[in-house]
Trainee: 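Structure below; questions to follow.
Below, all heavy atoms of this structure are taken into account, side chains as well, without hydrogens, waters or symmetry copies.
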Amino acid sequence: METISENRSFGGTQGVYSHQATSTGTQMTFGLFQPAEASDGPVPVLWYLSGLTCTHANAMEKAGAQAWAAEQGIAVVFPDTSPRGEGVPDDEAYDLGQGAGFYIDATQAPWNTHFKMRSYIADDLPTVLSENFALDMDRQAITGHSMGGHGALTLAMGLPGRFRSVSAFAPICNPTQSDWGRKQFAAYLGEEKAHWAAHDATLLMQSKGFDGPILIDTGTNDQFGDLLRTGALAAAIAAKRQDAIMRMQKDYDHSYFFVASFMEDHMNFHAEALYA
């Protein structure tokens, strides 16, 4: 692992690091905020998964998570959204290829060699974190924005017992029925739709649910509202009688201004679960 930068932030350290990832076969970069308490021993971890076109840096620099993480004594990891570099396939469209990994493991060429973002988040990066930092990997929570909200919800439900809580900002809720999902799943996973269900939060809620609390915020002025299909997940949560809070935030859009506005709420939500 290589240290790219480390900066003092709210009494803790905001670092950026890179490592050779087994899952993607590429060099991957991630951000990690460690609160002051990390100097005394392992601290709980919140994963923040970013959305389309983002890198590790977008949320790290714009979401305002560090102030509230420092207050709660929680580390926050900011992974990248896809493999990158020479030889990694890409597409001219912003919503496929580099910057658009969708937190799934591709099975179709040319994507299947490097686009293994589910394995990277579930297996590869946790190992790197455990080996190099003072983190309590028995106390993990996960959140994300847009495509990252999709990833947070599907990983939380797909990895029972891993995360104590899950939240999302404007998540893609029902990708098998949305253009933000059907296009990418067909490219990465093939046309057999039976292989898509494990990566759809609404379908996972119907079949599994989540053994813990859920918090979801979406803006009423979200310019991508039709693509998110928030109502489908709301209906599935109600039918499942899932422990969840879903809020429509008046006049907010899809931007990081929206995310930053409710970051304190999400951090407090996860702190309650992580310190229970």
Trainee: For T143 and L46, what are the C-alpha separation, side-chain angles and deciding distance, and is it a side chain to side chain contact (heavy atoms under 4.5 Å, CB included)?
Mentor: CA-CA 7 Å; T143 188; L46 175 64; 4.0 Å; yes
Trainee: Quick check: is I4 connected to V128 through a chain of hydrophobic side chains (ILVMFWY, heavy atoms under 4.5 Å apart)?
Mentor: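 As far as the 4.5 Å side-chain criterion goes, I4 and V128 are not connected within one cluster.
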Trainee: Side-chain donor-acceptor pair under 3.5 Å between D222 and H254, yes or no?
Mentor: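 Their side chains do contain a donor-acceptor pair, which is all the 3.5 Å distance test asks for.
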Trainee: Which heavy atom of L96 sits nearest a heavy atom of A187, and at what distance?
Mentor: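 Closest approach of L96 to A187, heavy atoms only: CD1-CB, 3.8 Å.
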Trainee: Where the side chain of S146 meets the backbone of G148, is there a donor-acceptor pair that is under 3.5 Å apart?
Mentor: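 No, because the side chain of S146 does not come within donor-acceptor range (under 3.5 Å) of the backbone of G148.
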Trainee: Do M248 and M263 sit in the same hydrophobic cluster, where Ile, Leu, Val, Met, Phe, Trp and Tyr count as joined when their side-chain heavy atoms come under 4.5 Å apart?
Mentor: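 Different clusters.
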Trainee: I'd like to know if the side chain of S9 pairs up with that of N7 as donor and acceptor (distance under 3.5 Å, no hydrogens or angles considered).
Mentor: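 Side-chain D/A pair, S9 to N7: absent.
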Trainee: Taking the side chain as every heavy atom from C-beta outward, state whether L32 and V76 have any pair of such atoms under 4.5 Å apart.
Mentor: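 No, too far: nothing below the 4.5 Å cut-off.
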Trainee: If we check side-chain contact (heavy atoms from CB on, under 4.5 Å) with D200, which of these qualifies: L153, T176, I172, L233?
Mentor: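 Single side-chain contact (heavy atoms from CB on, under 4.5 Å) partner of D200 among L153, T176, I172, L233: T176.
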Trainee: Between R162 (side chain only) and A122 (backbone N and O only), is there a donor and an acceptor less than 3.5 Å apart?
Mentor: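 Checking the backbone N and O of A122 against the side chain of R162, a donor-acceptor pair under 3.5 Å is found.
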Trainee: Indicate whether any N or O donor in one side chain lies under 3.5 Å from an N or O acceptor in the other, for H199 and T154.
Mentor: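 No - no donor-acceptor pair under 3.5 Å links their side chains.
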Trainee: Holding to ring pair (Phe, Tyr, Trp, His ring centres under 6.0 Å), I want the full list of residues that pass it with H266, two or more places apart in sequence or in another chain.
Mentor: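 With sequence neighbours excluded, H266 shows a ring pair (Phe, Tyr, Trp, His ring centres under 6.0 Å) to F169, given in chain and number order.
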Trainee: Please name the pair of heavy atoms, one in K240 and one in G209, separated by the smallest distance, quoted to 0.1 Å.
Mentor: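 Shortest heavy-atom contact: CE-N, 4.0 Å.
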Trainee: Just by distance, no angles: are the side chains of D217 and Q249 close enough, under 3.5 Å, to form a donor-acceptor pair?
Mentor: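 Side-chain D/A pair, D217 to Q249: present.
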Trainee: Apply the test ring-ring contact (aromatic ring centres under 6.0 Å, His included) to residues F33 and H56: give CA-CA distance (whole Å), side-chain angles for both, the deciding distance (0.1 Å), then the verdict.
Mentor: CA-CA 12 Å; F33 173 75; H56 70 282; over 10 Å; no
Trainee: Are T218 and P171 packed together at the side-chain level, in the sense that at least one heavy-atom pair is separated by less than 4.5 angstrom?
Mentor: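 In short, these two side chains touch, coming nearer than 4.5 Å.
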Trainee: Find out whether Y275 and I74 are in side-chain contact, i.e. whether some heavy atom of one side chain is under 4.5 Å from a heavy atom of the other.
Mentor: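 Yes, their side chains come closer than 4.5 Å.
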Trainee: For F163 and W47, take the angle between the two ring planes, folded into 0 to 90°, and tell me which bin it lands in: parallel under 30, tilted 30 to 60, perpendicular over 60.
Mentor: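 Perpendicular, since the angle between the ring planes exceeds 60°.
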Trainee: For Q242, what residues pass the side chain to side chain donor-acceptor pair (under 3.5 Å) criterion, not counting sequence neighbours?
Mentor: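 None.
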Trainee: Y256: which residues meet the ring pair (Phe, Tyr, Trp, His ring centres under 6.0 Å) condition with it, sequence neighbours left out?
Mentor: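 Checked Y256 against ring pair (Phe, Tyr, Trp, His ring centres under 6.0 Å); matches are H145.
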Trainee: Could you check if a side-chain atom of Y103 sits within less than 4.5 angstrom of a side-chain atom of L49, using non-hydrogen atoms only?
Mentor: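 With C-beta onward as the side chain, the pair touches.
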Trainee: Go through it in stages, so that I can follow the logic: the residues are K62 and F257, the test is side chain to side chain contact (heavy atoms under 4.5 Å, CB included), and I'd like the CA-CA distance, side-chain angles, deciding distance and then a yes or no.
Mentor: CA-CA 8 Å; K62 298 178 181 179; F257 296 108; over 6 Å; no
Trainee: Side chain to side chain contact (heavy atoms under 4.5 Å, CB included) between W180 and D95: does it pass, once the steps are laid out?
Mentor: CA-CA 8 Å; W180 271 0; D95 58 356; 4.1 Å; yes
Trainee: Of all heavy-atom pairs between P35 and A69, which one has the smallest distance, and what is that distance?
Mentor: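 P35 and A69 have their closest heavy atoms at CB-O, 4.3 Å.
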Trainee: Please check if the side chain of Q98 supplies one atom and the backbone of S82 the other of a donor-acceptor pair under 3.5 Å.
Mentor: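 Not confirmed, Q98 side chain does not pair with S82 backbone.
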Trainee: For the pair F115 and Y188, name the ring-plane relationship: parallel under 30°, tilted 30 to 60°, perpendicular over 60°.
Mentor: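 It falls in the parallel class, under 30°.
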Trainee: Is it true that F78 and V16 fall in one hydrophobic cluster, defined by side-chain heavy atoms closer than 4.5 Å?
Mentor: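 Both belong to a single hydrophobic cluster.
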Trainee: Per the ring pair (Phe, Tyr, Trp, His ring centres under 6.0 Å) rule, what does the pair list look like for residues 228-249, sequence neighbours excluded?
Mentor: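 Matches after skipping sequence neighbours: none remain.
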Trainee: Are side-chain heavy atoms of T55 and S50 found at a separation under 4.5 Å?
Mentor: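 Side-chain contact under 4.5 Å: no.
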Trainee: Just checking Y17 against F133, ring centres under 6.0 Å apart?
Mentor: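 When the ring centroids of Y17 and F133 are compared, they turn out to be within the sub-6.0 Å range.
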Trainee: Output all residues satisfying side chain to side chain donor-acceptor pair (under 3.5 Å) with D91, sequence neighbours left out; order by chain, then residue number.
Mentor: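 In terms of side chain to side chain donor-acceptor pair (under 3.5 Å), with neighbours along the sequence ignored, D91 is linked to no residue.
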Trainee: Looking at T26 and M28, would you say the former's side chain and the latter's main chain have a donor-acceptor pair under 3.5 Å?
Mentor: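 No; judged by distance alone, with no hydrogens or angles, the pair does not exist.
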Trainee: For S165 and H270, work out which heavy atoms get closest and say how close.
Mentor: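 Residues S165 and H270, closest heavy atoms: OG-ND1, 2.7 Å.
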Trainee: Have E6 and Q14 got a donor and an acceptor in their side chains that come within less than 3.5 Å?
Mentor: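 Per modelled atom types, E6 and Q14 side chains form no pair under 3.5 Å.
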Trainee: Among the clusters formed by ILVMFWY side chains lying less than 4.5 Å apart, do V166 and I121 turn up in the same one?
Mentor: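 Yes.
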Trainee: Any idea which heavy atoms bring T29 and S18 closest together, and the distance?
Mentor: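 Taking every non-hydrogen atom into account, OG1-CB, 3.9 Å.
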Trainee: Other hydrophobic cluster members with F269, side-chain heavy atoms of Ile/Leu/Val/Met/Phe/Trp/Tyr under 4.5 Å, chained?
Mentor: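 Hydrophobic cluster check, F269: joined to L215, I245.
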Trainee: Any chance you could measure T22, atom OG1, to Y120, atom OH, to the nearest 0.5 Å?
Mentor: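 It is 10.5 Å, given to the nearest 0.5 Å.
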Trainee: Which residues satisfy the salt bridge (charged side-chain N to carboxylate O under 4.0 Å, His left out) test with D243, sequence neighbours excluded?
Mentor: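 Residues passing salt bridge (charged side-chain N to carboxylate O under 4.0 Å, His left out) with D243: none at all.
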Trainee: Could you go through the side chain to side chain contact (heavy atoms under 4.5 Å, CB included) check for V259 and Y48 one step at a time?
Mentor: CA-CA 11 Å; V259 173; Y48 185 104; 3.6 Å; yes
Trainee: Below 30° counts as parallel, above 60° as perpendicular, anything between as tilted: where do the rings of F258 and Y252 land?
Mentor: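 Judged by the thresholds at 30° and 60°, the geometry between F258 and Y252 is tilted.
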Trainee: In chain order, what residues pass the side chain to side chain donor-acceptor pair (under 3.5 Å) check against T202, with sequence neighbours excluded?
Mentor: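 Not a single residue meets the side chain to side chain donor-acceptor pair (under 3.5 Å) criterion with T202.
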Trainee: Is the shortest side-chain heavy-atom distance between R247 and I216 below 4.5 Å?
Mentor: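 When only atoms from C-beta onward are counted, I216 and R247 do not touch, as no gap falls below 4.5 Å.
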Trainee: I'd like to know if the side chain of K116 and the backbone of A106 have a donor-acceptor N/O pair within less than 3.5 Å.
Mentor: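 Yes, because the side chain of K116 sits within donor-acceptor range (under 3.5 Å) of the backbone of A106.
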Trainee: Is the backbone of G11 close enough, under 3.5 Å, to the side chain of R8 for a donor and an acceptor to pair up by distance?
Mentor: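 Side chain of R8 to backbone of G11: a pair is present.
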Trainee: Side chains of S119 and D105: donor-acceptor distance under 3.5 Å anywhere?
Mentor: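 On atom types as modelled, these side chains qualify, holding a pair under 3.5 Å.
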Trainee: Taking the hydrophobic residues Ile, Leu, Val, Met, Phe, Trp and Tyr, and joining any pair whose side-chain heavy atoms are under 4.5 Å apart, which ones share a cluster with L203?
Mentor: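 Its cluster partners, ordered by chain and number, are none at all.
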Trainee: Kindly give the heavy-atom pair with the smallest separation between C54 and T81, and that separation in Å.
Mentor: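 Closest approach of C54 to T81, heavy atoms only: O-OG1, 2.6 Å.
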Trainee: Using only atom types and a distance under 3.5 Å, with no angle test, would you say the side chain of R164 pairs donor to acceptor with the backbone of L274?
Mentor: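 Checked: pair present.
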Trainee: Please, which pairs that meet salt bridge (charged side-chain N to carboxylate O under 4.0 Å, His left out) have at least one residue in residues 10-21, sequence neighbours excluded?
Mentor: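 Checked against salt bridge (charged side-chain N to carboxylate O under 4.0 Å, His left out) - neighbours excluded - no pair reaches residues 10-21.
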Trainee: Are W196 and R182 close enough that some pair of their side-chain heavy atoms sits under 4.5 Å apart?
Mentor: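 A side-chain contact under 4.5 Å exists here.
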Trainee: Between the side chains of R84 and D90, is the shortest nitrogen-to-carboxylate-oxygen separation below 4.0 Å, so that they form an ion pair?
Mentor: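 Salt bridge: no.
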Trainee: Where the side chain of Q66 meets the backbone of M60, is there a donor-acceptor pair that is under 3.5 Å apart?
Mentor: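 Checking the backbone N and O of M60 against the side chain of Q66, a donor-acceptor pair under 3.5 Å is found.
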Trainee: Under the rule for ring pair (Phe, Tyr, Trp, His ring centres under 6.0 Å), what residues qualify as partners of H150, not counting sequence neighbours?
Mentor: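 For H150, the residues satisfying ring pair (Phe, Tyr, Trp, His ring centres under 6.0 Å) (neighbours in sequence not counted) are F102.
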Trainee: Determine which pairs satisfy side-chain hydrogen bond (donor to acceptor under 3.5 Å, both in side chains) with at least one residue from residues 126-138, sequence neighbours left out, and list them in order.
Mentor: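 Those involving residues 126-138 are D136-R139.
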Trainee: If we only count heavy atoms from C-beta on, is the D179 to L227 side-chain gap below 4.5 Å?
Mentor: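 Yes, at least one pair of side-chain atoms sits under 4.5 Å.
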Trainee: Is it the case that one hydrophobic cluster holds both M137 and V43, taking links as side-chain heavy atoms less than 4.5 Å apart, direct or via other members?
Mentor: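 M137 clusters together with V43.
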